[in-house]
**Student:** 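If you scroll down you'll find the structure; I have some questions about it.
Just so it is clear, the model here is predicted, and its values are computed rather than measured.
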Amino acid sequence: MTPRYFKRFLLVILAVVMLGLSVRYDFGTAWQSQYTYAFTPAANAKPVSAPAQNSAKPPVVQEPNTVMTPKPQELSKRVVEYHISVHLLDDAKQLNGDQTVTWTNPGKKTVSELYFHLYPNAFQSDKTTFMKESGGKLRQDKATINSQGYMKLLTLETLNGESLLPRLQYVQPDDGNAEDFSLAKIRLPEPVAPGKSVTLHMGYEVKLPEVFARMGYSGNFVMAGQWFPKIAVYETAGTRGRAAEGWNVHQYHGNSEFYSDFGIYSVRIKVPEAYTVAATGFQTKEIEMKDQLKVYQFYADDVHDFAWSASPDFVYEETAYSDTGIPGVRIKLYLDPAHAALKDRYMHAAKSALSSYAKWYGEYPYSTLSIVVPPKGANGAGGMEYPTLVTAFAAEKDNPGYDLERTVVHEIGHQYWYGMVASNEFEEAWLDEGFTSYAEDKVMETAYGLEANLRTEASYMTDPAPLKQSSWTYGSHSQYAENVYMRAKLVLIGIENQVGSRTMQKILRTYFQKYKFKHPSSSDFQRVVEQVTKTKWHDYFSQYVYDDQMADFSIESIHVRPVMQDGNSLYESVVLVKKNGGNNGEIKVVMQFTDGSQVTKLWSADESHIQYTQVHTAPLEWAVVDPNYSNVLDNKLINNYMQAQLPEEKRTRWSLGVVKLIEGLLGSLSW
């Protein structure tokens with residue numbers, strides 16, 4: 001066998017071994033999670049049996065028809081107001097929309113132009129920025145031959161009837177791609193003074209793609225996300241550290257999600273009479289039947305987006321729920337029939353999440369929370385968050401594992417960090433995804449006894465990058481996912497390990513209460529951490545938020561030699577400990593001798609390395625840095641431990657060889 005073939009043979013054997021271990025210890029699907037990037041239960045999880053499938057017969061399909069009225073209290077600066085009428089055509093592949101939108105200038109300068117996000121145009125061709133960057137793939141979701149779609153503006157007028165379509169200009173501020181039409185600019189006939197408003201009337205049609213990247217159709221199921229012309233965010237001075245006010249505008253990218261301003265939505269939805277509709281907000285009128293159409297009227301305020309879903313197959317369940325921080329909310333389940341018998345699991349996950357987040361961070365102020373379960377084959381619409389509406393994973397399995405609960409818990413967590421705090425997901429996605437991943441783990445441990453395997457998750461960090469950067473500037477989707485979901489969560493846990501869980505909860509509650517409905521930044525969060533802890537965190541944020549460092553520490557070498565001291569035969573053991581990345585608080589170093597005795601040192605890690613010399617009656621047996629794995633930002637644990645008795649030549653060769661092997665395998669398997 002030639003060296004080349006032997007090398008291939010060896011790699012295949014090693015891959016099989018790693019895969020076998022992966023399956024044995026439940027890590028086999030760790031990189032397969034699509035939207036939550038949630039990991040399967042850790043090997044050291046508390047023993048909790050998987051929820052049993054409810055064997056009850058599916059309930060009779062009911063029609064949600066509860067009429068509610070808006071609350072008088074305003075929670076946000078209502079910058080925009082949408083009045084929309086949309087019609088889902090019989091083939092469930094096209095929307096005809098008509099909207100009147102009012103924008104109020106929140107700044108101190110006169111504004112002469114408006115920007116609109118036209119997200120469906122991302123699916124117009126394979127030359128759009130989204131399709132070029134994503135390659136027609138998003139997580140494990142793939143575009144099909146029918147996944148092309150578009151938004152066509154038919155009318156754009158002032159209240160006086162003046163057409164502004166000739167003024168419409170498609171712009172590409174991020175990459176200059178002339179084939180991208182996901183962002184448009186309109187020069188207004190008259191500028192808008194501070195505090196004043198402009199109202200425009202728009203007509204449009206949307207060709208829905210076969211479900212891909214959060215929106216579209218699958219059979220007779222429809223997910224309408226990012227489906228209407230949406231005004232961009234005009235940031236005032238001081239918002240997210242901004243020195244001067246102005247528009248925050250970006251195209252639709254392969255990695256990025258969304259950023260919008262708070263306002264009011266009144267939406268009239270017309271669907272074929274066999275359909276049931278789930279939507280953001282609540283109904284303000286009873287369902288109307290007209291010309292073989294079913295007409296819904298929904299309303300939502302103090303939200304920054306509006307999404308809806310429709311299907312003739314939904315199995316509907318509803319319950320009223322109140323708890324600390326939850327004055328009263330109707331939890332609505334829109335289940336695929338294949339998961340109708342799992343209604344109790346969905347409801348329990350929703351209640352567990354709402355209860356925990358409200359107690360930990362603050363009140364859930366909305367009167368509804370809807371959960372949509374897409375049908376098998378429509379997972380492109382699954383695992384996504386919108387204000388007061390989330391989607392679970394599609395009903396691919398009859399009796400899924402804890403991914404069901406984890407996904408629901410994760411997406412409801414977004415109601416806080418995406419929904420109410422409303423971070424800029426174009427430019428600082430970690431403030432939503434990382435915070436939500438952190439909160440998700442807490443609920444899964446509290447409600448289901450599942451502890452995250454942080455050691456394994458840290459090992460997936462093969463390509464660290466700064467957290468505060470625009471989503472599309474990451475080198476790949478895998479790098480984006482590793483950092484804004486997982487590394488961001490580890491950064492938060494790193495803070496918690498230094499300050500304690502109670503102080504960390506106070507930090508997050510303070511941050512939420514101070515910045516809900518206000519679009520904060522990374523520096524805003526850092527200031528809250530410093531205010532609560534009364535400590536400077538500049539170095540920590542510089543290393544892990546604004547830079548790409550991990551906190552890798554290693555036992556670099558061990559030297560043991562016999563010595564004579566005062567006529568006694570002793571052993572001098574020299575241990576070199578090295579810092580290969582950033583700081584993360586004090587690091588424990590333990591040295592054990594052959595007589596069973598131990599010496600423990602605490603290293604502040606202010607220097608790049610430290611050398612410990614111990615003279616003892618017995619030789620050193622081994623040394624380990626961070627024996628309890630409290631340093632969650634260490635992604636190379638294999639170099640934490642070293643035995644003393646191995647000849648140094650073999651010890652070094654073995655350590656480096658295993659490190660390179662593991663890094664290579666993880667690099668090929670993760671996302």
Side-chain angles (χ1 to χ4, degrees), residues 21 43-44 453-456 458-459 461 490 493-500 535-536 539-540 543-544 549-663:
L21 290 172
N44 63 340
N453 192 320
L454 300 177
R455 293 167 58 186
T456 301
S459 72
M461 283 308 311
L490 296 175
I493 296 172
I495 296 173
E496 179 180 10
N497 286 349
Q498 294 188 48
V499 304
T535 306
K536 293 295 183 182
D539 290 345
Y540 188 89
Q543 293 171 106
Y544 303 119
Q549 295 194 47
M550 297 295 287
D552 175 34
F553 293 86
S554 62
I555 301 295
E556 199 68 14
S557 65
I558 295 175
H559 296 282
V560 181
R561 68 185 184 93
V563 296
M564 294 295 295
Q565 194 173 92
D566 299 328
N568 297 317
S569 296
L570 304 174
Y571 293 90
E572 180 185 77
S573 301
V574 180
V575 178
L576 177 61
V577 186
K578 187 178 179 182
K579 178 176 69 175
N580 305 302
N583 292 356
N584 191 16
E586 285 189 327
I587 296 295
K588 183 183 292 186
V589 180
V590 175
M591 292 168 279
Q592 176 152 316
F593 299 87
T594 57
D595 62 1
S597 61
Q598 285 187 352
V599 173
T600 299
K601 301 287 187 180
L602 287 178
W603 180 32
S604 64
D606 294 330
E607 311 86 11
S608 62
H609 65 276
I610 191 169
Q611 182 170 287
Y612 294 106
T613 301
Q614 296 292 318
V615 178
H616 196 71
T617 55
L620 187 68
E621 184 177 7
W622 51 259
V624 61
V625 58
D626 188 29
N628 299 322
Y629 303 106
S630 59
N631 175 22
V632 295
L633 287 164
D634 190 343
N635 61 334
K636 297 178 181 178
L637 296 176
I638 197 168
N639 59 13
N640 285 31
Y641 172 85
M642 183 176 284
Q643 285 187 308
Q645 67 266 30
L646 287 175
E648 184 168 351
E649 180 182 351
K650 293 182 180 179
R651 180 168 64 238
T652 303
R653 186 180 300 120
W654 170 252
S655 298
L656 290 176
V658 172
V659 168
K660 293 301 181 184
L661 172 62
I662 297 298
E663 286 181 353

**Student:** For a side-chain contact (heavy atoms from CB on, under 4.5 Å) check, start with the C-alpha distance between Y612 and V577, then their side-chain angles and the critical distance, and finish with the verdict.
**Tutor:** CA-CA 8 Å; Y612 294 106; V577 186; 4.2 Å; yes
**Student:** side-chain contact (heavy atoms from CB on, under 4.5 Å), that's the test. Do L570 and T617 meet it? Break it down for me.
**Tutor:** CA-CA 5 Å; L570 304 174; T617 55; 3.8 Å; yes
**Student:** How far does CD of Q592 sit from OG of S573, to the nearest 0.5 angstrom?
**Tutor:** 12.0 Å
**Student:** Under 3.5 Å, is there a donor-acceptor pair between the side chain of N635 and the main chain of M461?
**Tutor:** yes
**Student:** Distance-only, no hydrogens or angles: does the N497 side chain make a donor-acceptor pair with backbone N or O of S630 under 3.5 Å?
**Tutor:** yes
**Student:** Counting N and O atoms only, with roles assigned by atom type, does the side chain of D595 sit under 3.5 Å from a partner on the main chain of S597, one being a donor and the other an acceptor?
**Tutor:** yes
**Student:** Kindly determine whether Y571 and F593 satisfy side-chain contact (heavy atoms from CB on, under 4.5 Å), including the steps that lead there.
**Tutor:** CA-CA 10 Å; Y571 293 90; F593 299 87; over 6 Å; no
**Student:** Can you list the steps and then say if S459 with L637 is a side-chain contact (heavy atoms from CB on, under 4.5 Å)?
**Tutor:** CA-CA 8 Å; S459 72; L637 296 176; over 6 Å; no
**Student:** When rounded to the nearest 0.5 angstrom, what distance separates CG in D606 from NZ in K579?
**Tutor:** 7.0 Å
**Student:** Working to the nearest 0.5 Å, report the span between CG of L490 and CD of E496.
**Tutor:** 12.0 Å
**Student:** Please find the pair of heavy atoms, one from F553 and one from D634, that lie closest to each other, and give the distance.
**Tutor:** N-OD2, 3.6 Å
**Student:** Determine whether M591 and K601 make a side-chain contact, defined as any pair of heavy atoms from C-beta on separated by less than 4.5 Å.
**Tutor:** yes
**Student:** In Å, rounded to the nearest 0.5 Å, how long is the span from CG of N640 to CG of D552?
**Tutor:** 7.0 Å
**Student:** May I ask you to check whether Q549 and N583 show a side-chain donor-acceptor distance below 3.5 Å?
**Tutor:** no
**Student:** So which heavy atom on G494 is nearest to which on V632, and how close?
**Tutor:** N-CG2, 3.8 Å
**Student:** What is the distance from atom CD of E586 to atom CD of Q498, rounded to the nearest 0.5 Å?
**Tutor:** 10.0 Å
**Student:** For a 4.5 angstrom cut-off between non-hydrogen side-chain atoms, does V589 reach I610?
**Tutor:** no
**Student:** How far does OH of Y540 sit from CD1 of I495, to the nearest 0.5 angstrom?
**Tutor:** 5.0 Å
**Student:** Parallel, tilted or perpendicular: which one describes the rings of Y641 and W622, with boundaries at 30° and 60°?
**Tutor:** tilted
**Student:** If every non-hydrogen atom of I555 is compared with every non-hydrogen atom of A623, which pair is closest and at what distance?
**Tutor:** CG1-O, 3.8 Å
**Student:** What heavy-atom pair brings M550 and L633 nearest, and what distance separates the two atoms?
**Tutor:** CE-O, 3.1 Å
**Student:** State whether the side chain of N584 and the backbone N or O of A551 hold a donor-acceptor pair below 3.5 Å, judged by distance alone.
**Tutor:** no
**Student:** Any donor-acceptor pair under 3.5 Å linking the side chain of K578 with the backbone of E556?
**Tutor:** no
**Student:** With a 4.5 Å limit on heavy-atom distance, are the side chains of L620 and Q614 in contact?
**Tutor:** no
